[in-house]
Amino acid sequence: MSQTIVVKIGTSSLTQAKTGLLALSTIATLVETLTNLRLNDVRVILVSSGAVGVGCGRLDIKERPRTTALKQAVAAVGQGRLMRIYDDFFSSLGQPIAQILLTRQELIQRTAYVNIYNTFQSLLSLGVIPIVNENDTVAVEELKVGDNDTLSALVASLVEADYLFLLTDVDRLYSADPRYNPQAQPVERVVTKEELEQLQAQVSEGGSQWGTGGMVTKLAAARIATSAGVKTVITNGQTPGSINRILAGEMCGTHFEAQPRGESARKRWIAYSLVPVGQLYLDEGAVKAIRDRGKSLLAAGITRVEGEFQTSEAVAVCDSEGKEIARGLVNYSSSEIRQIQGKQSQEIPQILGYANTETVIHRNNMVSMVA
Ligand SMILES: Nc1ncnc2c1ncn2[C@@H]1O[C@H](COP(=O)(O)OP(=O)(O)O)[C@@H](O)[C@H]1O
Ligand SMILES: N[C@@H](CCC(=O)OP(=O)(O)O)C(=O)O
C-alpha cells in the first residue's frame, strides 16, 4: 500500500514577511515536490492556509483583520485567488487538484465526517491532490476549528496518514521562541506523550505576523496526529524539498514519533473532532474504574454536572480536581444526570419515571484522555 502524507503550509511560508506578497518560489517548489511525490505513488493531501493573508494582499490591507466579518470577507477574496495560483502551478505539471473547505460542523456530524472520509479516498484513488482549508467565510465562532495546524491533524487522523508535515517559517521547534530568545534550544525528537505534554506546558503562544497560534497549535496538532498513529514533523516551509529527505530517513526539523494506533477511528473522532459541551465530575472510585479498568460510567460515581447538554452530545469526564480523564457521548441529558447523579442504576427508572440504559456513558462511546 502506498504512503499517505498530509502537508500543512502556513501563511508565514506562503507570503514574504516584509512585503506580504506571495512567496512564489516557495509555492513553486512545494508544487514540484508534491507532484513528484504523486508520481512516485505517494498519496498527498495539502492543507493550505493563506486565504486571509492573500485576501489582505489583494485588498491592500496591511494588518490581519480583527473583526470576524472583515476576516470572513477577506478570506472569501483570498481563497479563490489562492486556489487559482495552485491550479495554475499544479496544472503546468499536469497534476489535478481539488478544493475541500471544512468547518468543525462537518467534523462533528458523524455522517458528514464519514462522507468527507469517502470523498478523500475517492480523490486520492483518482490521483488528485486535495487542497484543504477551513471554510473561514461561513464558519461561526463556536463551530470553527480555528487554526489549520489542528485541522491538518484532524485530516491526517481521518485518513490514517503515515506522515503529517507542518511547514512553517522556522526550521523546527525550540525550547522558546527563537525570534526573542537567542538561548532557545532546538528540539529534534519527541518520543513519548509525556515529553509532548511537557513541551505543551512550556511553549508560549506568539506566532508570526500573519500566522495563527504559533507553536502552541502545532504541538496540539502533533498530539492529535501522533495519538492517531501519524508521524509528525515541524520543518521549514521555505525548503519544501526537505519532505523528500525526511521521507528518505533524514532528520531535519522536529520529529514527533507516532503512538500505536490503539483507538478505533470512531473513538478518535470522539476524542478530537467533537467539542465537549459539558463536564461530569467523578468520585475516586469511578475515576479508577474508568481510567484504570476501562469501565462504562455509571450514575453512582458522578458528583457534579457542569453545562447544559442533550443525549448523545460529547462531554469531558473529569476527576475531582477537574483534570479531564476521558471524553464520551452521554446517554442522558444534563438535567437528567443532575437527578440521577450519585444514585444506583436500578433507581433510575423510578427517579426519572422511565427506563433508559443503565450507563451514563457506555465504554464503547468513551475514550481515555490520559497521557
Ligand atoms: N518555541 C518555539 N519554537 C519555534 N518557533 C516558535 C516558538 N514559539 C513561538 N514560535 C514562533 O512561531 C512562529 C510560527 O508559527 P505561525 O506564525 O503560527 O506560523 P504558520 O503561519 O506557519 O502557522 C515562528 O515564526 C516562531 O517565531
Ligand atoms: N484559514 C486561515 C488560516 C488559519 C491558520 O491556521 O493560519 P496559519 O497559522 O498561517 O497556518 C486562512 O486561510 O487564512
Side-chain angles (χ1 to χ4, degrees), residues 6-17 20 22-23 26 30 46-59 61 64-65 68 70-83 85-86 99-104 131-139 144-155 164-188 190 196 198-222 233-238 240 253-254 256:
V6 175
V7 178
K8 182 260 166 174
I9 185 150
T11 315
S12 65
S13 305
L14 291 170
T15 50
Q16 302 171 39
L22 281 168
T26 303
L30 176 72
L46 175 62
V47 177
S48 177
S49 300
V52 175
V54 171
C56 284
R58 185 76 183 89
L59 299 172
I61 296 173
R64 197 176 171 83
T68 304
L70 185 57
K71 214 185 287 177
Q72 295 191 309
V74 167
V77 174
Q79 181 63 26
R81 202 165 157 68
L82 193 60
M83 285 310 289
I85 293 155
Y86 277 126
Q99 171 179 256
I100 300 195
L101 297 177
L102 298 172
T103 66
R104 181 74 74 170
I131 303 184
V132 182
N133 195 358
E134 178 138 34
N135 197 349
D136 295 306
T137 300
V138 302
K144 255 188 201 167
V145 177
D147 72 274
N148 275 351
D149 298 318
T150 307
L151 181 64
S152 67
L154 293 172
V155 168
L164 168 63
F165 292 94
L166 298 170
L167 304 184
T168 184
D169 65 346
V170 275
D171 60 345
R172 51 171 59 89
L173 171 72
Y174 287 80
S175 56
D177 191 338
R179 274 187 302 176
Y180 305 109
N181 187 339
Q183 257 56 275
Q185 294 300 308
V187 179
E188 269 161 22
V190 182
L196 181 47
Q198 213 174 331
L199 285 164
Q200 280 188 294
Q202 187 179 329
V203 160
S204 58
E205 263 186 17
S208 61
Q209 188 194 350
W210 291 98
T212 307
M215 287 294 143
V216 170
T217 48
K218 287 177 191 33
L219 286 170
V233 185
I234 296 176
T235 189
N236 199 320
Q238 270 176 351
T254 301
F256 299 84

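By convention here, the first residue in the shown sequence is residue 1. Atoms within a ligand are numbered from 1 in the order they appear, just like the ligands themselves. This structure is a prediction, so every number in the text was calculated from the model and none was measured.
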Practice task
State whether the shortest distance between N or O atoms of Ser13 and N or O atoms of ligand 1 falls below 3.5 angstrom.
Solution key: no
Problem - Nearest neighbour of atom 3 (C) of ligand 2 from the list Ser12, Ser49, Ala139, on a heavy-atom basis - result: Ser49
Practice task
Return yes when Lys8 approaches ligand 2 closer than 4.0 angstrom through a heavy atom, no otherwise.
Solution key: yes
Problem - For Thr11, the ligand 1 atoms whose distance to one of its heavy atoms is below 4.0 Å - result: 21 (O)
Exercise for the section: Report the part of Lys218 in contact with ligand 1, treating N, CA, C, O as backbone and CB onward as side chain, heavy atoms under 4.0 Å; options are side chain, backbone, both, neither. Expected result: side chain
Problem - N/O donor-acceptor pair under 3.5 Å between Thr15 side chain and Ser12 backbone - result: no
Completion exercise
At under 4.0 Å between heavy atoms, what of Gln185 touches ligand 1? The answer is neither
Exercise for the section: Look at atom CD of Gln198 and say whether more than 12 heavy atoms of other residues, nucleotides or ligands are closer to it than 6.0 Å. Expected result: no
Problem - Short side-chain to backbone donor-acceptor contact, Glu134 and Gly146, under 3.5 Å - result: yes
Handout entry: The single option from Val47, Leu30, Leu46 passing side chain to side chain contact (heavy atoms under 4.5 Å, CB included) against Leu167
Key = Leu30
Fill in the blank from the handout: ligand 1 atoms nearer than 4.0 angstrom to some heavy atom of Thr168 are 14 (C), 15 (O), 19 (O), 20 (P), 22 (O)
Practice task
Would you check if Cys56 and Arg64 make a side-chain contact, meaning some heavy-atom pair closer than 4.5 Å?
Solution key: no
Practice task
Please confirm whether Asn133 comes within less than 3.5 Å of ligand 2 when only nitrogen or oxygen atoms on both sides are compared.
Solution key: yes
Fill in the blank from the handout: So CG of Leu199 and CE of Met215: to nearest 0.5 Å the spacing works out to 11.5 Å
Exercise for the section: Measure the shortest side-chain to side-chain distance between Ser48 and Asn133 over non-hydrogen atoms and say whether it is less than 4.5 angstrom. Expected result: no
Practice task
List every atom of ligand 1 that sits less than 4.0 Å from any heavy atom of Ala176, numbering the atoms from 1 in the order shown and giving each element.
Solution key: 1 (N), 2 (C), 3 (N)
Exercise for the section: Side-chain contact test, heavy atoms from C-beta onward, threshold under 4.5 Å: evaluate it for Thr11 versus Val52 and give yes or no. Expected result: no
Problem - Neighbour count >12 (heavy atoms, 6.0 Å) for atom CD, Gln99 - result: yes
Exercise for the section: Examine ligand 2 and decide if any of its atoms is less than 4.0 Å from a heavy atom belonging to Gly50. Expected result: yes
Handout entry: Lys8, any N or O under 3.5 Å of ligand 1 N or O
Key = yes
Problem - Subset of ligand 2 atoms that lie under 4.0 Å from at least one heavy atom of Gly10 - result: 10 (O), 11 (O)
Practice task
From atom 25 (O) of ligand 1, work out which of Val216, Asp169, Asp177 has a heavy atom at the shortest distance.
Solution key: Asp169
Handout entry: Heavy-atom nearest neighbour of atom 16 (P) of ligand 1 within options Gly53, Gly214, Ala184
Key = Gly214
Practice task
Output yes when the distance from some N or O of ligand 2 to some N or O of Ala51 is under 3.5 Å, and no in every other case.
Solution key: yes
Exercise for the section: Using a 4.5 Å cut-off on heavy atoms from C-beta on, say whether the side chain of Gln79 contacts that of Thr137. Expected result: no
Problem - Within-shell test, Ser49 vs ligand 1, heavy atom, strictly < 4.0 Å - result: no
Practice task
Examine distances only and state if a side-chain atom of Ser13 and a backbone atom of Gln238 form a donor-acceptor pair shorter than 3.5 Å.
Solution key: no
Completion exercise
Heavy-atom proximity to atom 1 (N) of ligand 2, picking from Val145, Asp136, Thr11, Val132, points to Asp136
Exercise for the section: Please indicate whether any nitrogen or oxygen in Val170 is less than 3.5 Å from any nitrogen or oxygen in ligand 1. Expected result: no
Completion exercise
Within 4.0 Å of some non-hydrogen atom of Asn148, the atoms of ligand 2 are 1 (N), 3 (C), 5 (C), 6 (O)
Practice task
Output yes when a side-chain donor or acceptor of Thr254 lies under 3.5 Å from a complementary backbone atom of Ile234, and no otherwise.
Solution key: no
Handout entry: Asp147: numbered ligand 2 atoms lying under 4.0 Å from its heavy atoms
Key = 6 (O)
Handout entry: Under 4.0 Å to a heavy atom of Gly10 - the qualifying atoms of ligand 1, by number
Key = 20 (P), 21 (O), 22 (O)
Practice task
Compare all side-chain heavy atoms of Leu173 with those of Leu219 and state whether any distance is below 4.5 angstrom.
Solution key: yes
Exercise for the section: State whether the shortest distance between N or O atoms of Asp149 and N or O atoms of ligand 1 falls below 3.5 angstrom. Expected result: no
Practice task
Report yes if the side chains of Ile131 and Met83 come closer than 4.5 Å at any heavy-atom pair, otherwise no.
Solution key: yes
Practice task
Any atoms of ligand 1 less than 4.0 Å from a non-hydrogen atom of Arg172? List them with their elements.
Solution key: 4 (C)
